[in-house]
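Comments concern the structure below.
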Amino acid sequence: MRPIPSFALAAIAGIALAATTPPAQSQISVSIGAAPACPYGYYDYAPYSCSPSGYYGPQYFNGGAFIGVGPWFHGASDFHGTVDNRLDPQHGYTGARPNAGDKPDARTTATAFKGNEERDGRGNVAKGKK
């Protein structure tokens, strides 16, 4: 009988050890906290500052309550809503904005809204829209 080479013994021992090692559990958890409490919604990008009245179109509200955007958006994957990006600081807006915790003023009606950009709830401009 021929002796087993030492590298073969090492390979067999390695396989045996790997087979008896319990599988490692892994978990990734990212906590983003609560959505900002803004009266007319918040911008869909960090730092998620409050947006002024008229930034979001009526698609972003359900019964007068803001449905959420960015990491707090849980709507349909094919959701598209209109925004008025003239009220966006990334487009040069420097006007007044509410603070988190402020209460809304008189309700803005959908007929007064003048949107100019279609987006999904995650902050992406919808392709081929406005």
Side-chain angles (χ1 to χ4, degrees):
M1 181 174 212
R2 294 177 59 193
I4 299 175
S6 60
F7 73 88
L9 285 174
I12 292 170
I15 291 171
L17 276 174
T20 60
T21 304
Q25 299 276 333
S26 65
Q27 182 177 4
I28 297 175
S29 178
V30 177
S31 178
I32 55 172
C38 299
Y40 312 108
Y42 46 87
Y43 295 108
D44 52 16
Y45 53 85
Y48 306 105
S49 302
C50 293
S51 60
S53 175
Y55 178 70
Y56 285 107
Q59 307 93 330
Y60 286 93
F61 296 89
N62 185 5
F66 185 62
I67 63 169
V69 293
W72 299 279
F73 178 74
H74 300 290
S77 60
D78 61 347
F79 173 84
H80 289 135
T82 309
V83 301
D84 183 349
N85 68 14
R86 292 169 292 215
L87 299 175
D88 187 337
Q90 290 184 338
H91 290 269
Y93 179 71
T94 59
R97 290 180 294 170
N99 295 308
D102 285 354
K103 300 295 180 209
D105 292 332
R107 290 187 126 182
T108 303
T109 63
T111 56
F113 177 72
K114 303 289 184 212
N116 62 359
E117 186 173 81
E118 191 90 7
R119 293 191 184 176
D120 66 10
R122 292 160 196 84
N124 303 305
V125 175
K127 302 253 189 275
K129 304 283 184 177
K130 291 197 175 190

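In this chain, residues are counted from 1 in sequence order.
- Listed by chain and residue number, nothing satisfies the side chain to side chain donor-acceptor pair (under 3.5 Å) test with Tyr93 (two or more places apart in sequence, or in another chain).
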>> Is there a ring pair (Phe, Tyr, Trp, His ring centres under 6.0 Å) between Tyr60 and Phe79? Walk through the geometry before answering.
In response: CA-CA 10 Å; Tyr60 286 93; Phe79 173 84; 5.2 Å; yes
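- By the side chain to side chain contact (heavy atoms under 4.5 Å, CB included) test, Asp120 is found to be paired with His80, Arg122, Asn124, residues two or more places apart in sequence or in another chain being considered.
- Within the 3.5 Å criterion, the main-chain N or O of Gly121 finds no donor-acceptor partner in the side chain of Asp44.
- Between His91 atom NE2 and Asp84 atom CG the span is 10.0 Å, to the nearest 0.5 Å.
- Asn99 pairs by the side chain to side chain contact (heavy atoms under 4.5 Å, CB included) definition with Asp102, not counting sequence neighbours.
- Side-chain contact check for Pro52 versus Tyr40: every heavy-atom pair is 4.5 Å or farther apart.
- Considering every non-hydrogen atom in both Thr82 and Glu118, the closest pair reads OG1-OE1, 3.1 Å.
- In this structure, CZ in Phe73 is found 8.5 Å from OG in Ser77, a value given to the nearest 0.5 Å.
- Although no hydrogens or angles enter the test, the distance criterion places no donor-acceptor pair under 3.5 Å between the side chain of Trp72 and the main chain of Ile67.
- Counting only distance, with no hydrogens or angles, the side chain of Arg86 and the backbone of Asn116 share no donor-acceptor pair below 3.5 Å.
- Residues meeting the ring pair (Phe, Tyr, Trp, His ring centres under 6.0 Å) test with Phe66, sequence neighbours left out: Tyr42, Tyr56, Phe61.
- Shown here for Arg119 and Val83, the closest heavy-atom pair between the two residues is NE-CG2, 3.7 Å.
- Applying the ring pair (Phe, Tyr, Trp, His ring centres under 6.0 Å) rule to Tyr55 yields the partners Tyr43; only residues at least two apart in sequence or on another chain are considered.
- Residue pairs meeting the disulfide bond (SG atoms under 2.5 Å apart) criterion with at least one partner in residues 42-89, sequence neighbours excluded, are Cys38-Cys50.
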